[in-house]
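Heads up, the thing below is written out as structure tokens.
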2 protein chains.
Amino acid sequence: MPFKTPRKPLAQPAPAKGRRKAVQEPYHHGNLREALLDAGIQLLKEQGAEALGLRELARQAGVSRTAPYRHFESRDALLAGIAEQGFVKLREVLLQARHQHEADHEAWFIAASKAYIGFAFGYAEHFKLMFGGYMKYEPDQHTSLHEAGNGAFQTLVDLIVASQESGLVMKGDPMAVSIAAWSTLHGFCSLAVHKRLDFLVGNPELLTRTAELVARTSLEGVRAR
Amino acid sequence: MPFKTPRKPLAQPAPAKGRRKAVQEPYHHGNLREALLDAGIQLLKEQGAEALGLRELARQAGVSRTAPYRHFESRDALLAGIAEQGFVKLREVLLQARHQHEADHEAWFIAASKAYIGFAFGYAEHFKLMFGGYMKYEPDQHTSLHEAGNGAFQTLVDLIVASQESGLVMKGDPMAVSIAAWSTLHGFCSLAVHKRLDFLVGNPELLTRTAELVARTSLEGVRAR
DNA sequence: CGCGATAAGTTGACATCGTCTACATACCTG
DNA sequence: CAGGTATGTAGACGATGTCAACTTATCGCG
């Protein structure tokens, strides 16, 4: 029962990491910023977003309660950082589906859909944090988070545009069509991670079939007719 | 600037309201339970779910901070009560769509879809509370909330079953098909109320078109083929 | 009609949290 | 080596949810 995590013995003092902006990477105590993010991701997975307190994260990182304020201007900013990592990961899995099936648009579509669903179920708490109302989110602030989200969304838009050109998917504003296709996947995932599909719990086989139906539904909903 | 709301002068002492369960209706101070729910719904609409503090609600109702505990065992229970009212309202608007178009299944489907979207946009904060992670939700506890949710969902299942019989919608497990159709609507609404569709903000005309596309997508996704 | 039980409301206290201000320390740069 | 700045710490404040103990009003029953 670890009440007090002793300060983690970092491998390197490590201020060697490229300085893309202006102010980064702690100097005399190891890189707290990433330590906080890592602890947060860990805690998020184990206990959910409500457990992500600034003081708790500080405790886990072995620093004092107000230390995080040197790296995040508020709790929301820290949550935004964690959510951002989620969007990066989501984009990765979507790109992976693309690279495996880029030639066949229909296969690409289905693979991307399953990747999205797989991410939501595999990182349920992360998914909730990314899309739920756990923090204040104003797109024109949180620009970094916003861009990460757009980066993930863009992979879907790319898929839709390609599929429109090949005649698989209906014509029309690519944004609107992308949102329509995305909505189907997202709605299913959102309902599932928030436990609103208790019809399916305890029946993993039915859940799998429903997930596949949803992936197909997403495609059929926007298929060219 | 009402700092202290004086105790509301109730029209009647009012313990005359049908006693469906066993323990209800406050005795010596007016009916606090409903006053709290009403204040909560009001505050929810104005300020969002985070503003729904037990103490704040008590303040608005003109009672002391711990008085709500005589009617709700915790803050979550109060939120659940408010969310439950939302599901009742949602069911109402879905039933209204049904009664206006029951004969034509396709019209019924589209009307129900638009009603769902209309509810989400018209009661955005309520919608977030109902489906987001603002409170702990375990279906086997919160049975009242759970049933209210199922009541609303059932209107969609009825629609799907009827549409399957008339050949509009594909065959298959009605639950799974209902979830697939619902997912499309819900995903769009969820993304919108959480401000994840900033592509559309400031362009209400595009938003309207996208909403209609989504309603159609929901149907096309499960249409018989 | 009166009296006890009980529902309803109040006050006080506690632990926790996010955040602010002021202070201390380590590191880098000139 | 000196000074500045990035980083970390301690203390305090107001706010919240919840518990325990106490008070008051209302109901039900003999």
Side-chain angles (χ1 to χ4, degrees), chain A residues 3-8 10 12-17 19 21-36 40 43 47-81 134-136, chain B residues 3-8 10 12-17 19 21-36 39-40 43 47-80 134-136:
Chain A
F3 282 130
K4 277 194 155 185
T5 307
R7 180 154 302 156
K8 206 191 297 179
L10 286 168
Q12 289 135 4
K17 247 201 157 185
R19 47 191 53 193
K21 284 191 173 165
V23 183
Q24 255 112 350
E25 306 316 295
Y27 287 67
H28 57 352
H29 245 151
N31 49 352
L32 222 198
R33 185 186 160 92
E34 293 199 9
L36 288 169
L43 197 59
Q47 313 222 53
E50 301 85 10
L52 293 178
L54 265 196
R55 289 163 115 106
E56 176 62 28
L57 269 325
R59 227 168 281 142
Q60 301 226 358
V63 295
S64 188
R65 40 224 148 78
T66 53
Y69 282 95
R70 301 297 152 186
H71 302 271
F72 301 94
E73 72 172 354
S74 67
R75 174 175 182 262
D76 274 3
L78 210 175
L79 296 200
Y134 293 91
M135 53 183 161
K136 277 177 171 79
Chain B
F3 282 129
K4 278 193 156 187
T5 308
R7 182 154 298 155
K8 207 192 298 177
L10 287 168
Q12 290 134 5
K17 248 200 158 186
R19 47 192 53 191
K21 283 191 176 166
V23 184
Q24 254 112 349
E25 308 315 295
Y27 288 67
H28 56 354
H29 245 151
N31 50 353
L32 222 198
R33 185 185 160 92
E34 293 199 10
L36 289 169
L43 196 59
Q47 313 222 50
E50 301 86 12
L52 293 178
L54 265 195
R55 289 164 115 106
E56 176 62 27
L57 269 327
R59 227 168 280 141
Q60 301 227 357
V63 295
S64 189
R65 37 217 151 79
T66 54
Y69 282 96
R70 302 296 152 184
H71 302 272
F72 301 94
E73 73 171 354
S74 68
R75 175 175 182 263
D76 274 3
L78 210 175
L79 295 200
Y134 294 93
M135 52 183 163
K136 276 174 172 82

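Proteins come first, then strands; the chains are lettered A, B, ... in the order of their sequence lines, and each starts at number 1.
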Give, for atom [atom1] of [X] and atom [atom2] of [Y], the distance between the pair rounded to the nearest 0.5 Å.
X: B:L36; Y: B:R70; atom1: CG; atom2: CZ; answer: 13.0 Å
X: A:E73; Y: A:L78; atom1: CD; atom2: CG; answer: 11.5 Å
X: A:E50; Y: A:Y134; atom1: CD; atom2: OH; answer: 5.5 Å

Does B:H71 make a side-chain N or O approach to OP1 or OP2 of C:dA7 shorter than 4.0 Å?
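No, because none of the side-chain N or O atoms of B:H71 sits under 4.0 Å from OP1 or OP2 of C:dA7.
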If a protein heavy atom is under 4.0 Å from the base, mark B; if only from the sugar-phosphate, S; if neither, -; do that for nucleotides 16-22 of chain C going 5' to 3'.
-BBBB-B
With sequence neighbours excluded, tell me which residues meet side-chain hydrogen bond (donor to acceptor under 3.5 Å, both in side chains) with B:E56.
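Partners of B:E56 under the side-chain hydrogen bond (donor to acceptor under 3.5 Å, both in side chains) test: B:R59, B:Q60.
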Among residues at least two apart in sequence or on other chains, which ones pass side-chain contact (heavy atoms from CB on, under 4.5 Å) with B:T66?
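Partners of B:T66 under the side-chain contact (heavy atoms from CB on, under 4.5 Å) test: B:Y69.
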Got a sec, which residues hit side-chain contact (heavy atoms from CB on, under 4.5 Å) with A:R75, two or more places apart in sequence or on another chain?
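For A:R75 the side-chain contact (heavy atoms from CB on, under 4.5 Å) partners, ignoring immediate neighbours, are A:L52, A:L54, A:L79.
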Round to a whole Å and report the spacing from [atom1] of [X] to [atom2] of [N].
X: B:E50; N: D:dA15; atom1: CD; atom2: P; answer: 18 Å
X: B:F72; N: C:dA7; atom1: CZ; atom2: C1'; answer: 16 Å
X: B:M135; N: D:dG17; atom1: CE; atom2: C1'; answer: 17 Å

